[in-house]
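Values reported hereafter were calculated over all heavy atoms of this structure, with side chains retained and with hydrogens, waters and symmetry mates removed. So that the names make sense, note that chain A is the first sequence line, chain B the second, and so on, each numbered from 1.
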There are 2 protein chains.
Amino acid sequence: MTGEQTEKPGRKPRIRDAEATKARILDAAKKEFAKNGLGGARVDDIAEKAKANKRMIYHYFESKEGLFQTVLEDAYLDIRSAEQKLHLEDLDPKAALEKLVRFTWEYYLKNPEFLTLVNSENLHRAKHLKKSEIIKVSSRKLVNMVASILERGVKAGLFRSGVDPVQLNITIAAVGYYYLTNRFTGTIIYERDLMAKDALEQRIQFNIETIMRLVTV
Amino acid sequence: MTGEQTEKPGRKPRIRDAEATKARILDAAKKEFAKNGLGGARVDDIAEKAKANKRMIYHYFESKEGLFQTVLEDAYLDIRSAEQKLHLEDLDPKAALEKLVRFTWEYYLKNPEFLTLVNSENLHRAKHLKKSEIIKVSSRKLVNMVASILERGVKAGLFRSGVDPVQLNITIAAVGYYYLTNRFTGTIIYERDLMAKDALEQRIQFNIETIMRLVTV
DNA sequence: TAAAGAAGTAACTAGTTAGTGCGTTAATTG
DNA sequence: CAATTAACGCACTAACTAGTTACTTCTTTA
């Protein structure tokens, strides 16, 4: 009676979809790596959360580190792509710079996993990111965009000259990143709820002020 | 000749020394936790590096997390203590602020373990630091010091009023911390050796400029 | 439609890891 | 000097963990 094809009432039909499974694994992995770091993440937990078999992880990503690398690369590509969609070149220099500062802040706020992934990667001395050429290319675009905003600002007599676009880029990231990645220790050290709605509002205003004063003549 | 016991010439110094063993464990643990994070650190490796038996770690610190907590607390106490030794109250507002920016940068540069420990603690939502009252007290002193510098600067007509000392404190830390903790990914993203001597020199100048422009009238 | 191949699974392995039980040895004290 | 206390070490374990083997089930296509 083994050849019986009639489906049992409680049995779900097994749907096969490689892309969907891959995506579920990547999504679960992103959360797990962000929550526990590369070392603390558990492959079994990722498989369970993704509703996939652990074997599939090794089938699609070769190893735990291979999975981490893909997660990290995707995360960088996502923020770089979102930055390009801002079309800062269509705005006047001041508005463009403010929009970038605001965007960076809001992206970190809405995607806290990005911060933890980057921290984790730095703990491992960027060994995974080193292998990625596409990340370099897409980052170059961002630096060029900031350089262009600065140039236009100088020409318009709004910004002082001599500001290094790389340093500016780093600083725009820094004032948001540090506040948010260290929000837990920060809340204790400064005895203030750094994640309260008005605290966040105050911080983004402070960051805009910081960057604007930095470039203004 | 006061403390001189009846020590025989050829005799080795004390083989048993609880304080020395504790100190060796803490030192080894700091390095191991900084290098691999709390999750990635190995208790066996710490014991080996400390030239102590693993049993001693559990004897003195109860658990891996107990050891981490002590390491973290010591790290915070060290930077807070160093900050107090700057005697910023003896300097004029501008010099005091610049000295603090420079000190913060140099402390991070010389003590990169501090950055990784703080990152690790934030990955764990500050569960260890939460338990420490002494950290809050010593941090309060720093915030008060910055508040006092700001006040003196405003009175002297050098600084604008309305700058939140907590936000300023956070920003002073941010511009150094982000650059250094993300030096590995940063070197790839910005295609520039961020740790080259002239790059470091350029960054500290940029940071001073950023903070000074932020508070100046 | 049959065969190939891709998607998916359960159970396993070999190595690792935090934490301990219990005995030994050095220093202190009555 | 004996008794006590504290420092120290060996060897173990129970649980965990990345990665694999060997298999079944579904989908595509010649």
- Task: Report yes or no: does B/Asn111 contribute a side-chain atom to a donor-acceptor pair with the main-chain N or O of B/Glu113 at less than 3.5 Å?
- Result: no
- Task: Name all pairs fulfilling the salt bridge (charged side-chain N to carboxylate O under 4.0 Å, His left out) condition that reach into residues 74-85 of chain A, sequence neighbours left out, sorted by first residue then second.
- Result: A/Arg80-A/Glu83
- Message: Heavy atoms from C-beta onward define the side chain here; which of D/dA7, D/dT17, C/dG19 lies closest to that of A/Asp44?
- Response: D/dT17
- Query: Is there a donor in the side chain of A/Thr185 and an acceptor in the side chain of B/Glu121, or the other way round, less than 3.5 Å apart?
  - Reply: no
- Query: Is a side-chain N or O of A/Thr210 found less than 3.5 angstrom from the main chain of A/Phe206, in a donor-acceptor match?
  - Reply: yes
- In sequence, state the C-alpha distance, the side-chain angles, and the governing distance for B/Ile79 and B/Tyr108, and then conclude on side chain to side chain contact (heavy atoms under 4.5 Å, CB included). CA-CA 9 Å; B/Ile79 187 172; B/Tyr108 292 164; 4.1 Å; yes
- Note on the structure: Under a 4.0 Å heavy-atom cutoff, the residues of residues 64-72 of chain B touching DNA chain C are B/Lys64
- Residues from residues 28-40 of chain B sitting under 4.0 Å of DNA chain D, heavy atoms only? none
- Message: Test your reading of the model: is there a side-chain donor-acceptor pair from B/Tyr179 to the backbone of B/Leu194, 3.5 Å cut-off?
- Response: yes
- Item | Residue pair A/Arg125 / B/Thr187, side-chain donor-acceptor N/O under 3.5 Å | no
- Using atom types as modelled and distance alone, determine if a side-chain donor or acceptor of A/Thr21 lies under 3.5 Å from a backbone N or O of A/Asp17. yes
- Task: Tell me, please, which residues at least two apart from A/Asp44 pass salt bridge (charged side-chain N to carboxylate O under 4.0 Å, His left out).
- Result: A/Lys54
Distances under 3.5 Å between protein N/O atoms and the N/O atoms of nucleotides 23-25 of chain C, please, pair by pair.
| residue | atom | partner | partner atom | Å |
| --- | --- | --- | --- | --- |
| C/dT25 | O2 | B/Arg16 | NH1 | 2.9 |
| C/dT25 | O2 | B/Arg16 | NH2 | 2.4 |

- Task: Anything under 30° is parallel, anything over 60° is perpendicular, the rest tilted; go ahead and classify B/Phe114 against B/Tyr76.
- Result: perpendicular
- Query: Tell me the salt bridge (charged side-chain N to carboxylate O under 4.0 Å, His left out) pairs involving residues 57-70 of chain B, sequence neighbours left out?
  - Reply: B/Glu65-B/Lys127
- Task: Using heavy atoms and a sub-4.0 Å distance, could you list which residues of residues 45-61 of chain B are near DNA chain C? By number, please.
- Result: B/Lys54, B/Arg55, B/Tyr58
- Query: Does anything in residues 25-61 of chain A pair up under ring-ring contact (aromatic ring centres under 6.0 Å, His included), and if so which pairs, sequence neighbours excluded?
  - Reply: A/Phe33-A/Phe68
- Message: With a sphere of 6.0 Å drawn around NZ of B/Lys49, does it hold more than 12 non-hydrogen atoms of other residues, nucleotides or ligands?
- Response: yes
- Taking A/Thr181 for its side chain and A/Tyr177 for its backbone only, find out whether a donor-acceptor pair lies under 3.5 Å. no
- Side chain B/Arg203, main chain B/Leu200, donor-acceptor under 3.5 Å: no
- Query: For DNA chain C, what residues of residues 125-132 of chain B have any heavy atom nearer than 4.0 Å?
  - Reply: none
- Check salt bridge (charged side-chain N to carboxylate O under 4.0 Å, His left out) between A/Arg140 and all other residues, then give those that pass, not counting sequence neighbours. B/Glu191
Kindly give the atom pairs (protein nitrogen or oxygen, nucleotide nitrogen or oxygen) under 3.5 Å for nucleotides 1-4 of chain D.
none

- Please, which pairs that meet side chain to side chain donor-acceptor pair (under 3.5 Å) have at least one residue in residues 33-43 of chain B, sequence neighbours excluded? B/Glu32-B/Asn36
- Note on the structure: When rounded to whole Å, the CD to P distance for the pair A/Glu19 and C/dA6 reads 14 Å
- Item | A/Asp17 CG to C/dA7 P, straight-line distance once rounded to whole Å | 10 Å
- Message: If you count heavy atoms of other groups shown closer than 6.0 angstrom to CD1 of B/Ile134, is the number above 12?
- Response: no
- Query: Under 4.0 Å between a side-chain N or O of A/Thr21 and OP1 or OP2 of C/dG8?
  - Reply: yes
